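Working notes, structure below.
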Number of protein chains: 2
Amino acid sequence: MKLEVLIKSDNQEVQNQIIAKIGELINLKNLEPGDKLPSERMLSEKFEVSRSNVREAINKLEFYGLLKSIPQSGTFVADIGVIAMNGMIADILRLEDPDFKSLVETRILLELKIVKLAALRRTKEDLIHIKSALDAYEEKASQGLDAVQEDLLFHLAIANASGNSTLNTFMLKITPEIITNFKKYHVCDDSLSLSAIDEHKAVYEAIKAGDPQLAKDKMKVHFKALYQYCYNI
Amino acid sequence: MKLEVLIKSDNQEVQNQIIAKIGELINLKNLEPGDKLPSERMLSEKFEVSRSNVREAINKLEFYGLLKSIPQSGTFVADIGVIAMNGMIADILRLEDPDFKSLVETRILLELKIVKLAALRRTKEDLIHIKSALDAYEEKASQGLDAVQEDLLFHLAIANASGNSTLNTFMLKITPEIITNFKKYHVCDDSLSLSAIDEHKAVYEAIKAGDPQLAKDKMKVHFKALYQYCYNI
DNA sequence: TTTAAAAAACTGGTTAACCAGCTATAATCT
DNA sequence: AGATTATAGCTGGTTAACCAGTTTTTTAAA
């Protein structure tokens with residue numbers, strides 16, 4: 001297990017070095033937005049790494065919108081300037097893995113906005129979707145069973161109704177890590193689940209009524225326990 | 001160009017189908033958290049697609065925390081239950097590409113929180129970093145030059161000082177798309193840049209003073225134009 | 001029968017050769 | 001010379017064979 005972590009961190013290190021070198025290259029060659037990067041083969045030879053390593057690094061930079069690969073043509077510098085490119089690459093290399101506290105902090109921020117948007121924008125289909133997630137949660141939790149999964153699906157259903165695909169994506173990104181941490185630290189015990197049923201219902205009703213402020217307030221109530229937990233950890 | 005989009009959407013479609021099939025498989029075989037998925041080779045044969053397609057689909061599910069690949073061992077179902085797995089896969093398949101409005105909406109939300117956190121948590125090094133970004137912006141903008149890049153680097157420097165790696169990552173993710181859209185729609189003209197210098201300075205001073213509420217207020221002032229633009233588009 | 005050692009099979013990752021399509025150069029024609 | 005076509009080489013993507021570990025099965029010993 002320890003070995004695996006080592007290997008992984010090594011690969012991460014290699015990838016970051018390649019990303020840094022690509023950044024240097026863009027500066028060195030004065031590549032402007034739209035210009036073509038050297039081919040993957042040339043880069044792998046120049047940097048003395050495998051082509052798949054180069055591809056992974058390019059993939060990551062493509063994820064962050066700095067490069068754009070076009071099949072049978074080349075990899076191109078995105079339509080942002082050299083200055084922004086340098087700054088962003090430095091930031092990407094500096095990125096740390098998210099800790100639990102930052103995840104919960106972010107989740108609360110996202111959801112308090114999401115629930116307001118959902119109250120404003122939810123369609124009839126969204127309401128049906130949220131309701132069925134609510135029912136599934138109630139059925140599990142009322143029996144005293146663990147309902148962490150149903151809980152989060154309810155919240156994801158609301159995110160889906162927010163009409164904001166960026167927020168929805170971010171919620172999807174942080175949800176699994178939150179689930180695993182909840183299980184690890186036993187954040188949600190059974191007593192919490194029972195009281196949460198009514199809180200969920202209140203949130204749903206506010207969304208259904210189209211009242212964004214009420215929805216936010218009800219969600220805040222629901223997050224109260226989580227709030228305390230997050231800032232006491 | 002049109003062809004390229006078609007090809008890309010085809011690949012996306014194939015990947016989504018594989019993701020859906022992996023989801024079905026997990027249900028069919030009743031795979032619990034920690035269980036091993038069939039090997040990439042078997043999946044590619046079973047689904048009648050290439051192994052690299054399977055790998056990409058697994059990569060995406062790994063990004064969203066649903067699977068975990070371990071070298072020379074196998075791909076494992078993450079430590080979330082079957083119910084959450086099904087819900088999340090459905091959500092992932094339903095995800096849309098972010099539109100400009102959702103990007104700006106999200107950015108404003110993130111930054112108003114980030115600036116408060118930065119005021120509370122910034123180190124001396126953070127302050128130096130933010131200051132140098134501020135100076136670079138001022139130098140460009142005061143000459144009437146385009147300073148979109150320096151503007152966003154200033155904001156990213158604040159995100160870096162927030163002490164929340166999740167928020168920092170999200171800012172990095174949306175920034176390049178915002179830059180390109182700004183350029184496309186000419187959101188930031190020169191007159192805006194000039195007045196923004198003082199607004200940036202005010203934000204910086206509030207962070208330096210460690211006053212979260214003031215920092216948020218000053219950022220809100222800075223976002224006023226953006227606010228209007230976003231909701232009039 | 002139980003345990004330990006050895007070997008065979010299998011795993012995700014890597015590599016190098018190959019592919020279809022794009023691009024720039026060269027050759028041809030007007 | 002200028003425009004057009006043909007050609008050669010280069011591109012990211014795909015494929016199949018290979019690699020170094022892991023995991024399971026088999027074998028041998030107690």
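What you see is a predicted model; the values in this text were computed from it and never measured. A, B, ... follow the sequence lines: proteins, then strands. Residue 1 opens every chain. Below, each value reflects all heavy atoms present in this structure, side chains not excepted, and no hydrogens, waters or symmetry copies.
Put simply, CG on L172(B) and CG on D91(A) are 5.0 Å apart, with the number rounded to the nearest 0.5 Å. The structure places CG of N30(A) at 11.0 Å from CG of L25(A), a figure rounded to the nearest 0.5 Å. In this structure, the separation between CZ on R55(B) and OG on S50(B) is 11.0 Å, given to the nearest 0.5 Å. In this structure, CD in E40(B) is found 4.5 Å from CZ in R51(B), a value given to the nearest 0.5 Å.
Atom-to-atom, CD of Q72(A) to P of dG21(C) comes out at 7 Å; the value is rounded to the nearest Å. Straight-line distance from the CZ atom of R55(A) to the P atom of dG13(C): 15 Å, rounded to whole Å. One interatomic measurement links the two molecules: CG of L67(A) to P of dT11(D), which rounds to 16 Å at whole-angstrom precision. When rounded to the nearest whole Å, the span between CD1 of I70(B) and C1' of dG21(D) equals 13 Å. Look at NZ on K68(A): it is 15 Å from P on dC22(C), rounded to the nearest Å.
The side chain of S73(A) sits closest to dT23(C) out of dG12(C), dT23(C), dT11(D).
Looking only at distances, no side-chain donor or acceptor of E150(B) sits under 3.5 Å from a matching main-chain atom of Y137(B).
Residues from residues 35-54 of chain B with heavy atoms under 4.0 angstrom of DNA chain C, sorted by number: S39(B), E40(B), R41(B), R51(B).
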Item to check | Test log, rule side-chain hydrogen bond (donor to acceptor under 3.5 Å, both in side chains), inputs D135(B) and S132(B) | outcome: CA-CA 5 Å; D135(B) 291 341; S132(B) 74; over 6 Å; no

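For T75(B), no side-chain nitrogen or oxygen approaches OP1 or OP2 of dT11(C) to under 4.0 Å.
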